[in-house]
Amino acid sequence: MFLSQLFVNTGRGADHPGSQWIRNVYRVHQRLWMAFPDSKARADDPFFLGPWSIPESQGAKPTRDRAGFLFRIESDGAPRILVQSVQRPDWDYAFQNAPYLLSGPPNLREFNPTPKSGQAYRFRLLANVIRSKSVAQAGGTMRKARPIPRRKRTEELIAPVALPAAMPTEPAERERLLRERWDPWRRWLQRMGEGRGFRVLDEGPSPLLMQAVHCVVQNPRRGDGNNGHGAREKRYNAGLFNGTLICTSPGELRSAIVNGVGHAKAFGFGLLSVAPVGDDN
């Protein structure tokens, strides 16, 4: 597998092309896809002069352990994008017609995630914190001579607990309320870990840090929301998690690292970055 780090050229203001680009997650995803052209794209447009379209998959959509990529926009420090992919990316091809978006050559290294049972790892995860449900709809379809209700997947946002309008002055009580505020997110991450080979520590010297992140995705391929073609803009329930986890199942944790965690991976969510405790590289 390959891990890339792209430093974004934000110039001196919000009007710089790099600043505008990194604020539009849809365009970021589109540009990152350009680093994985198929042979037809290379042959038809070697200098990347024509319009870009995501390569059409042949047959079933491949899993991320065979194709695809995960990414996360990092906003602490210099603006940058972390990209994890199975295939080696061709960043020269992707940015040859827009080199001004980056402040320098991307960093690229190979890695092979091999988690060990019982090992502690520092981790970072930007996730779309939702609960997905399948709800039966009116009407039905026929399958094997019996009616099967139509079903539609719905998303339920998991929100932190609201704080009281007037916070108590007693320090211990304030600390208790502030901690309980994030309990719904703690439980959500715990459920994620149970089926993905890890357990999150949240005690003593290894507290779990959580932060709500503003994330609105504008999709130019959709309508304005008034013409029946869907909303052009969608806000995601984004949460940034930093902390320490314990590997409980190496195979399941490796799969979570390779394939990501949660929903909306096309918009920068789900990349689970881990490093052994004590490894500062």
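Bear in mind that the values here come from a model prediction, so they are computed numbers and not experimental data.
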Measure centre to centre between the rings of Phe267 and Tyr236, then say whether the value is under 6.0 Å.
yes

Summary of salt bridge (Lys or Arg N to Asp or Glu O under 4.0 Å) pairs that have at least one residue in residues 209-219, sequence neighbours excluded
none

Would you confirm whether the ring centroid of Trp185 sits within less than 6.0 angstrom of the ring centroid of Trp182?
yes

Quick one: does Leu125's side chain get under 4.5 Å of Val261's, heavy atoms only?
yes

Check whether Asn9 reaches the backbone of Tyr100 with its side chain - one donor and one acceptor, N or O, closer than 3.5 Å.
yes

Nearest heavy-atom approach of Met34 to Ala94 is C-CB, 3.7 Å

Which distance, rounded to the nearest 0.5 Å, do you find between the CD1 of Ile73 and the SG of Cys215?
7.5 Å

Side-chain donor-acceptor pair under 3.5 Å between Arg254 and Asn259, yes or no?
no

Between Lys234 and Glu155, does at least one N-O distance fall below 4.0 Å, as a salt bridge requires?
yes

State the CD1-CG distance between Ile158 and Asn237, to the nearest 0.5 angstrom.
8.0 Å

Under 3.5 Å, side chain of Arg181 to main-chain N/O of Leu177, donor-acceptor pair present?
no

Trace of the salt bridge (Lys or Arg N to Asp or Glu O under 4.0 Å) decision for Arg72 with Glu74:
CA-CA 6 Å; Arg72 183 174 63 244; Glu74 304 278 19; 2.9 Å; yes

Mark yes or no for whether Trp21, through its side chain, and Leu101, through its backbone, hold a donor-acceptor pair below 3.5 Å.
no

Identified side-chain contact (heavy atoms from CB on, under 4.5 Å) counterpart of Trp91 within the set Leu102, Leu32, Asn107:
Leu32

Applied to residues 199-210, the side chain to side chain donor-acceptor pair (under 3.5 Å) test, sequence neighbours excluded, yields Arg179-Asp202, Arg186-Asp202

Assess, by modelled atom type and distance only, whether the side chains of Gln190 and Arg187 contain a donor and an acceptor separated by less than 3.5 Å.
no

Pairwise distance CZ(Arg124) to CG(Leu82) - rounded to 0.5 angstrom:
9.5 Å

Quick one: do Arg191 and Glu194 make a salt bridge, cutoff under 4.0 Å?
no

With a 4.5 Å limit on heavy-atom distance, are the side chains of Arg88 and Glu110 in contact?
yes

